[in-house]
Each structure stands twice: as C-alpha cells, then as structure tokens.
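In what follows, a single structure is set out as structure tokens and then discussed.
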Amino acid sequence: ENNYVDQFKYTQYLVMSGTIRDDMAVFIISHCPCLVSIDVNSFCYSIELTDHTLKSIAEHCTVLQSLSLRDCETITDAGLMSISTHSTNFCTGLQSLNLQQCNRLTDTSILSISIHCTGLQSLNLYRCYQITDASIISISSHCTGLHSLNLGDCNLITDTSIISISTHCTGLQSLNLYRCYQLTDASILLIATHCTGLQ
C-alpha cells in the first residue's frame with residue numbers, strides 16, 4: 001500500500017468528482033503535499049465534503065495556488081477559516097478561489113481570507129447569499145491584484161462595495177454583478193472610470 005501511495009506524493013493537480021466522501025478526500029489530500037490546484041465539483045455529483053476536508057487541505061497543501069469548491073454547500077466558515085489561518089500555511093500562494101454556491105459561508109470566513117490570502121487574483125462568490133459589503137470592502141482593500149471577481153446573486157452588497165472595488169482593484173478584467181439589485185449608477189460610473197481594463 002505504501003508503494004502505491006508514494007506514486008502520488010508529487011501530484012500537483014487534483015480534480016474530485018463522482019462519489020467522494022470526506023474520508024476518501026482526506027486520505028488523498030494527506031498523501032499529496034505538492035498539490036498546487038484542487039478542483040472539487042459537487043454539481044450533479046454525490047460529493048459531500050465537509051470542513052474536515054478543508055482542514056486537511058490547510059494542514060497538508062502548503063503550496064496551494066488554486067482552490068475550487070463549487071457547489072460544496074456543506075462547508076462552513078470554520079472550514080474555510082482553517083485554510084486561511086492554519087499555523088503552517090496562511091495560504092500566501094493562493095491565487096484563485098472559487099466558492100460558487102457555498103451558501104453557508106458568511107462574512108466571517110471571507111474577512112479572514114481577505115487578510116491572509118492577499119495574493120488572490122480570482123475570486124468567485126456567486127450565490128454566496130450571506131456576503132455583505134464588509135467582505136467586499138475588505139477583499140478589495142487587501143487583494144488589490146484581483147483580475148476577476150464574481151459577485152452574481154450577492155444581493156446584499158451595495159454601492160459601497162463597488163466604490164471600494166473601483167478605488168483599489170483598478171486592474172480588474174472581469175466583474176460579474178448579476179442580480180445585485182441594490183447597485184445604482186453611482187458605483188457603476190466609478191467602475192467605468194477607474195477599471196478601464198475590463199473585458
């Protein structure tokens with residue numbers, strides 16, 4: 001068994017789909033310390049990962065650059081905060097974070113991510129319904145190198161968030177504000193003025 005496991009210790013890219021349980025994910029991750037990218041796609045699959053998996057990622061994946069947890073509706077703030085605050089990690093190399101439809105997350109974990117993962121270039125918060133201006137202001141203030149930001153269906157955010165983005169994240173190339181009903185012309189005009197690299 002050890003010889004079999006050793007074959008994967010230099011694996012850098014991991015995609016999890018199909019029927020995956022926490023114990024399986026933890027076993028795989030704990031034997032792949034060189035992972036730079038983890039892509040978990042729960043959409044249409046029987047994946048029920050919990051905070052236990054995220055804590056394993058925080059403990060073992062110290063060179064992680066990209067983490068996608070799309071549609072992982074069972075993870076909570078506690079799990080995501082372990083990614084950003086683990087004593088030997090701090091996710092200093094994390095560049096891409098996809099939390100699409102992780103709708104149990106709140107400002108608590110996003111604020112932690114913004115403070116510790118300042119190298120983020122891509123952040124997807126689509127359908128993270130509980131996210132407010134507090135998260136976006138902190139993200140834009142600390143992660144000034146953002147190129148892509150998806151806030152679709154984050155309908156609690158207001159012009160205050162977008163004004164902060166236009167001030168600090170002038171290198172943005174992609175911005176999704178789908179169904180952000182509280183936004184007005186005031187903030188969009190500032191985005192148009194300052195984020196001239198939008199594609």
Side-chain angles (χ1 to χ4, degrees), residues 1-43 45-128 130-131 134-135 138-139 142-143 145-146 148-150:
E1 181 181 346
N2 287 335
N3 290 336
Y4 177 77
V5 170
D6 284 344
Q7 295 179 40
F8 299 97
K9 65 182 179 181
Y10 297 114
T11 300
Q12 293 185 310
Y13 302 93
L14 174 64
V15 177
M16 286 189 275
S17 61
T19 302
I20 301 290
R21 301 185 314 272
D22 251 348
D23 56 343
M24 296 168 61
V26 168
F27 178 81
I28 294 168
I29 289 165
S30 65
H31 290 88
C32 299
C34 297
L35 285 173
V36 296
S37 176
I38 299 175
D39 184 351
V40 180
N41 188 353
S42 293
F43 184 70
Y45 295 108
S46 301
I47 300 181
E48 296 184 1
L49 302 186
T50 69
D51 294 339
H52 190 49
T53 296
L54 295 191
K55 290 174 183 176
S56 181
I57 292 173
E59 182 179 352
H60 299 286
C61 304
T62 57
V63 295
L64 196 65
Q65 296 177 13
S66 177
L67 177 61
S68 178
L69 300 170
R70 180 181 174 185
D71 299 303
C72 291
E73 298 183 359
T74 53
I75 66 169
T76 71
D77 286 333
L80 188 59
M81 287 179 69
S82 69
I83 295 289
S84 61
T85 60
H86 192 273
S87 59
T88 60
N89 189 356
F90 292 109
C91 281
T92 52
L94 197 63
Q95 298 174 14
S96 177
L97 180 60
N98 184 349
L99 300 172
Q100 177 171 322
Q101 205 159 309
C102 297
N103 47 41
R104 296 180 65 183
L105 299 179
T106 72
D107 287 336
T108 301
S109 56
I110 303 303
L111 287 169
S112 180
I113 288 290
S114 71
I115 293 169
H116 297 293
C117 306
T118 56
L120 276 181
Q121 297 178 16
S122 176
L123 177 62
N124 186 347
L125 295 174
Y126 182 68
R127 290 188 175 174
C128 291
Q130 301 186 64
I131 301 305
S135 285
S138 188
I139 286 288
H142 292 96
C143 306
L146 275 179
S148 176
L149 180 60
N150 188 339

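In this chain, residues are counted from 1 in sequence order. Basis for what follows: all heavy atoms, side chains included, without hydrogens, waters or symmetry-related copies. Keep in mind it's a predicted model, so treat the numbers as computed, not measured.
- Scanning both residues, A134 and D107, for their nearest heavy atoms gives CB-OD2, 3.9 Å.
- Side-chain contact between L69 and L54 is present, with at least one heavy-atom pair separated by less than 4.5 Å.
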Test side chain to side chain contact (heavy atoms under 4.5 Å, CB included) applied to I38 and C61, step by step = CA-CA 10 Å; I38 299 175; C61 304; 4.0 Å; yes
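- To the nearest 0.5 Å, atoms CZ (R104) and OG1 (T74) are separated by 7.0 Å.
- Evaluation of the side-chain hydrogen bond (donor to acceptor under 3.5 Å, both in side chains) rule for S56 yields no partner, not counting sequence neighbours.
- Remark: S112 engages S84 in a side-chain hydrogen bond (donor to acceptor under 3.5 Å, both in side chains) (not counting sequence neighbours).
- Here OG of S66 is found 12.5 Å from CD of Q12. Values are rounded to the nearest 0.5 Å.
- Taking the side chain to side chain contact (heavy atoms under 4.5 Å, CB included) definition, one finds that Q95 meets it with Q65, Q121, sequence neighbours left out.
- The side-chain heavy atoms of L80 and I110, taken from C-beta on, include a pair separated by under 4.5 Å.
- Closest non-hydrogen pair, S114 versus C143, comes out as O-SG, 3.9 Å.
- By the side chain to side chain contact (heavy atoms under 4.5 Å, CB included) test, C128 pairs with L99, L125, I131, sequence neighbours left out.
- Legend: salt bridge (charged side-chain N to carboxylate O under 4.0 Å, His left out) pairs involving residues 111-127, not counting sequence neighbours, sorted by first then second residue: R127-D153.
- L94 and C117 make their closest contact through CD2-SG, 4.2 Å (heavy atoms, listed as atom of the first residue, atom of the second, distance).
- Rounding to the nearest 0.5 angstrom, the gap separating the NE2 atom in H31 from the OG1 atom in T11 is 12.0 Å.
- Here the CD-SG distance, from Q100 to C72, works out to 11.0 Å after rounding to the nearest 0.5 Å.
- The distance from atom CG of L111 to atom CE of M81, rounded to the nearest 0.5 Å, is 9.0 Å.
- Looking at residues two or more places apart in sequence or on another chain, you find a side chain to side chain contact (heavy atoms under 4.5 Å, CB included) between N103 and E73, Q101, Y129.
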Give the C-alpha distance, both sets of side-chain angles, the deciding distance and a yes or no for side chain to side chain contact (heavy atoms under 4.5 Å, CB included) between C32 and L14.
-> CA-CA 9 Å; C32 299; L14 174 64; 5.9 Å; no
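- Of the possible donor and acceptor atoms, one in the side chain of D77 sits under 3.5 Å from a partner among the backbone N and O of T106.
- In this structure, the side-chain hydrogen bond (donor to acceptor under 3.5 Å, both in side chains) partners of H142, at least two apart in sequence or on a different chain, are S138.
- Among all heavy-atom pairs drawn from V36 and Y13, the shortest one is CG2-CE2, 3.7 Å.
- Residues that satisfy the side-chain hydrogen bond (donor to acceptor under 3.5 Å, both in side chains) test with T76, not counting sequence neighbours, are D51.
- With sequence neighbours excluded, the residues that form a side chain to side chain contact (heavy atoms under 4.5 Å, CB included) with T53 are D22, A25, V26, I29, L49, I57.
- In this structure, L64 CG and S37 OG are separated by 7.0 Å, a value rounded to the nearest 0.5 Å.
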